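Down below is the structure, laid out as structure tokens.
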Amino acid sequence: MLSDFKSELSALLADRIQALFGVEYDPIVEVPPRRELGDLAFPAALHLARTLKRNPRGIAEELAEDFPSPDFVREIRVEGAGYLNFFLDRSLVTRQLLTEPLIQPEPNSGERVVLEHTNINPNKAAHIGHLRNAVLGDVLSKVLRALGNTVEVENYIDDTGVQLADVVVGFLDLRKMRLEEVAALPEPFDYYCWDLYSEVGRWYEEDAQNQELRRSTLQELEHGSGPRAEMGRLVSRRVVSRHLATMRRLSITYDLLTHEGAVLGLDFFSEAFDQLKSTGAIHLEDDGKNAGCWVMPLSESEEFAGLEDPDKVIVRSDGTVTYVGKDIAYQLWKFGLLDKDFQYRFWEAEDVWETTVDGEPGHPAFGRAERVINVIDIRQSYLQKIVRAGLEALGYHDQASKSIHFAYEMVTLSPATARQFGFLEEDGEEEARSLEMSGRKGIGVKADDLIDQLEAKSREEISSRNRELSAEALDVLARQISVAALRFFMVKATTNRVIAFDLDEALNFEGDSGPYLQYSAVRALNIGRRLGEAGLPTQVSSSQVGDLPPEVWADDLWDLILTVALIPQKTAAAGESLELSLLARHALDLAQKFHAIYHRHPILQEEDLEIRNARLATMQVFVQGLTVLSDLLGLPLPDRM
RNA sequence: GCGCCGGUAGCUCAGCUGGAUAGAGCACCAGGCUUCGAACCUGGGGGUCGGGGGUUCGAAUCCCUCCCGGCGUGCCA
């Protein structure tokens with residue numbers, strides 16, 4: 001709606017510039033910082049000043065003179081150094097917002113997207129770093145769907161990797177436990193593995209001999225048979241089950257679990273290998289340090305300029321395939337470029353499809369994406385680039401350009417939090433630096449622990465102000481608040497910023513927080529309830545709004561309405577740039593505006609009908625906008641708190 | 001060494017396709033609950049936008065250079 005206004009004004013302005021000055025110009029639209037300056041701003045005159053060798057204000061005034069303004073424009077003014085500013089018809093815009101759905105994707109504009117996220121090694125409990133991944137992935141899936149795409153969410157389980165092997169060694173060789181004993185271990189199983197994993201790390205260091213066990217275990221995992229593989233399956237299964245439960249607490253679910261074991265078992269790589277060989281994308285090196293390896297040259301690509309070794313090993317000299325090799329094959333499958341497909345089985349207990357070697361019929365179609373997005377932390381950028389370069393080398397240029405790495409920075413622990421958890425000495429040396437998490441060392445804050453603490457804090461806050469709640473209602477509410485707090489915390493950070501996780505900050509429900517947003521919604525709903533109790537209408541119709549005189553729209557009311565009108569563009573920008581914090585910040589901005597208005601423009605006591613209706617309409621627009629943003633961010637909106 | 005990212009208020013961060021008085025939150029100070037719920041609001045103090053140079057009518061934003069911090073650069077994943 002607003003974007004239609006923008007493009008209409010842009011076109012009119014471009015024509016006018018052409019007519020007056022004979023110059024081609026594609027106008028840029030901005031939103032002025034303050035409402036008294038206008039609603040849409042064109043800095044065209046500032047840009048044209050140089051080429052026309054005239055002062056910008058003069059140009060702007062000439063442009064404004066007799067501007068053929070459409071009916072949605074109330075006033076045109078020249079402001080500042082030479083901005084051409086438009087004031088919109090507030091009643092008209094508000095009426096439209098209340099009439100149409102906020103986000104309407106162009107029909108048939110969407111793509112089939114495979115979105116992979118979470119990808120936690122199935123050998124230990126999830127920690128807060130994994131939460132950043134999962135929350136970003138989940139929010140992205142919602143944003144892409146809202147923009148009209150079909151999204152398949154996959155969670156890749158590396159059930160044949162060294163990390164799992166280490167825990168298998170821990171059970172079999174360090175603890176000397178049998179399969180039945182491991183199966184009988186009580187929950188939380190992933191917590192048990194967390195400790196065991198770091199213990200194995202220390203055990204390896206004690207005696208290099210111990211580390212030999214890792215190699216043989218890894219081989220068995222890859223082959224998929226033998227007692228070690230069996231133990232691997234059990235551990236992986238139990239841990240994944242726990243990860244899924246953790247994610248469900250945050251309302252994060254998946255369409256498909258893809259297992260590395262299936263990629264190996266079905267030998268996806270052999271076909272990819274044939275493709276890579278026949279296109280000349282890789283070649284067998286016969287001397288030098290990579291002698292005997294199949295390598296992919298990277299020297300031709302500018303992205304890899306300056307590398308010491310311009311070749312990437314795909315198949316090792318012992319014939320085994322590297323991680324990148326497997327990943328290229330897997331990426332080909334995602335795009336439907338591999339003749340092979342997985343077999344599938346439905347995991348009843350977890351309510352999710354998963355890949356297998358020998359499956360069952362009747363499964364939905366998976367893969368065959370037009371766009372593939374992998375949510376993986378920034379440290380994997382190099383490898384993700386190589387995967388893309390692999391597709392490029394195979395001649396799949398379109399798919400290469402649609403292989404997107406959604407990279408985000410790490411989560412570390414703030415010094416205070418690290419000390420709190422005993423990872424740093426209590427009042428230790430001036431170590432003001434944050435601490436990197438490490439599964440291997442057992443350093444990190446477990447996801448479930450954090451969620452537990454958030455729920456406890458929520459409970460405390462609720463009961464300090466709301467005594468007559470039932471136990472069930474309290475549970476639901478505490479969960480809703482903690483989910484919002486956590487999800488908002490993870491999304492509000494820009495992706496290329498390292499989060500130094502601080503527990504106290506995460507547990508703060510004031511200011512820039514999920515509960516702050518929820519509270520604004522609760523307040524709005526309350527007003528509706530109170531209006532109903534007072535026998536007053538709780539809604540204004542869009543036609544009533546359209547008839548309101550312009551003077552009822554105070555600047556701060558109108559500012560909030562314009563903020564809602566900007567949601568579609570913000571959403572599109574977030575989806576395109578993969579900068580989801582844009583949405584979190586916009587939601588915050590919106591809630592802030594509502595809280596401020598709440599105190600200045602009471603509805604219940606207002607006796608002037610038109611003013612009350614304008615305020616009520618603003619509230620309706622607000623609830624609509626906040627609901628859309630909360631849905632995108634996955635924040636539940638309670639009706640009280 | 002090379003590459004990528006970060007350095008903005010005491011702390012955590014927005015702003016960075018150049019443009020309208022550098023903005024939030026936390027913390028601090030002063031106010032506001034018999035009036036739609038104070039998880040809130042209003043006001044205040046606090047900034048050489050890492051340093052230096054350049055381009056421009058105009059630079060936190062673009063270019064060069066230096067400094068500090070993080071990450072990457074494996075026949076590990």
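Every chain is numbered from 1 and lettered A, B, ... according to where its sequence line falls, protein lines coming before strand lines. All of these numbers come straight from a predicted model, not from anything done at the bench.
Considering only the side chain of H599(A), G32(B) comes nearest among G32(B), C71(B), U42(B). Considering only side-chain atoms of R379(A), the nucleotide from C40(B), G72(B), A24(B) that sits closest is G72(B). Closest approach to the H47(A) side chain among G19(B), C26(B), C75(B) is made by G19(B) (side chain taken as heavy atoms from C-beta onward). Here the nucleotide nearest the side chain of Q380(A), chosen from A39(B), G74(B), A77(B), is A77(B). Closest to the E79(A) side chain, of the nucleotides A20(B), C36(B), C40(B), is A20(B). Listed candidates were C41(B), U12(B), A39(B). Nearest to the side chain of E505(A) is U12(B). When distances are taken from the side chain of A596(A) to each of C40(B), U42(B), A20(B), the shortest belongs to U42(B). Closest approach to the Q605(A) side chain among G25(B), C36(B), U35(B) is made by U35(B) (side chain taken as heavy atoms from C-beta onward). Taking every side-chain heavy atom of D158(A) into account, A77(B) is the closest of C75(B), C36(B), A77(B).
With no hydrogens or angles considered, a side-chain donor-acceptor pair links D502(A) and S414(A) at under 3.5 Å. Y330(A) and T258(A) form a side-chain donor-acceptor contact under 3.5 Å, judged by distance and modelled atom types alone.
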Does the pair N526(A) and R523(A) meet the rule for a side-chain hydrogen bond (donor to acceptor under 3.5 Å, both in side chains), with working shown? CA-CA 5 Å; N526(A) 244 333; R523(A) 282 183 142 177; over 6 Å; no
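Whole-Å rounding puts the L588(A) CG to C40(B) C1' distance at 14 Å. Atom CG in N496(A) sits roughly 8 Å away from atom P in C5(B) (whole-Å rounding). For I611(A) and C36(B), the CD1 to C1' distance is 17 Å, given to the nearest whole Å. Here the C1' atom of nucleotide C75(B) and the CZ atom of F273(A) are 14 Å apart, to the nearest Å. Summarising the geometry, the separation between CD1 on I386(A) and C1' on G72(B) is reported as 11 Å, rounded to the nearest angstrom. Atom CD1 of I28(A) is separated from atom P of U17(B) by 11 Å (rounded to the nearest Å).
In this structure, the side-chain contact (heavy atoms from CB on, under 4.5 Å) partners of K385(A), at least two apart in sequence or on a different chain, are E303(A), F304(A), R388(A). Legend: residues meeting side-chain contact (heavy atoms from CB on, under 4.5 Å) with L609(A), ordered by chain and number and at least two apart, are R612(A), N613(A).
Residue ring and base: Y83(A) counts as stacked with A20(B) (centre distance below 5.5 Å, interplanar angle below 30°).
Residue contacts shown for M641(A) include a base, since a base heavy atom lies under 4.0 Å away. If you check every strand for non-hydrogen atoms under 4.0 Å, Y516(A) touches sugar and phosphate atoms only. As judged by a 4.0 angstrom heavy-atom cut-off over every strand, Q592(A) is placed among residues touching the sugar-phosphate backbone only. A493(A) comes within contact range of no nucleotide atom at all, as no heavy-atom separation falls under 4.0 Å. Note on V522(A): a base of the nucleic acid sits closer than 4.0 angstrom, heavy atoms only. D327(A) comes within 4.0 angstrom of no nucleic acid atom, judged by non-hydrogen atoms across all strands. Among the atoms of the strands shown, only primed sugar atoms or phosphate atoms (P, OP1, OP2) are found under 4.0 Å from some heavy atom of K312(A).
For G7(B), the OP1/OP2 oxygens have a side-chain nitrogen or oxygen of R497(A) closer than 4.0 Å.
Comparing the C1' positions of C41(B) and G25(B) gives a spacing of 15 Å, expressed to the nearest Å. Using P as the reference atom, G52(B) and C67(B) are 15 Å apart when rounded to the nearest Å. Between G45(B) and C29(B), the two C1' atoms lie 8 Å apart (nearest whole Å).
Side-chain atoms of N85(A) come within donor-acceptor range of the base of A20(B), with a qualifying N/O pair under 3.5 Å. Interface remark: the S381(A) side chain does not form any donor-acceptor pair with the C4(B) base, using a distance-only criterion of under 3.5 Å.
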Restricting to nitrogen or oxygen on both sides, can you table the protein-nucleotides 56-59 of chain B pairs closer than 3.5 Å?
residue	atom	partner	partner atom	Å
G58(B)	O6	R50(A)	NH2	3.3

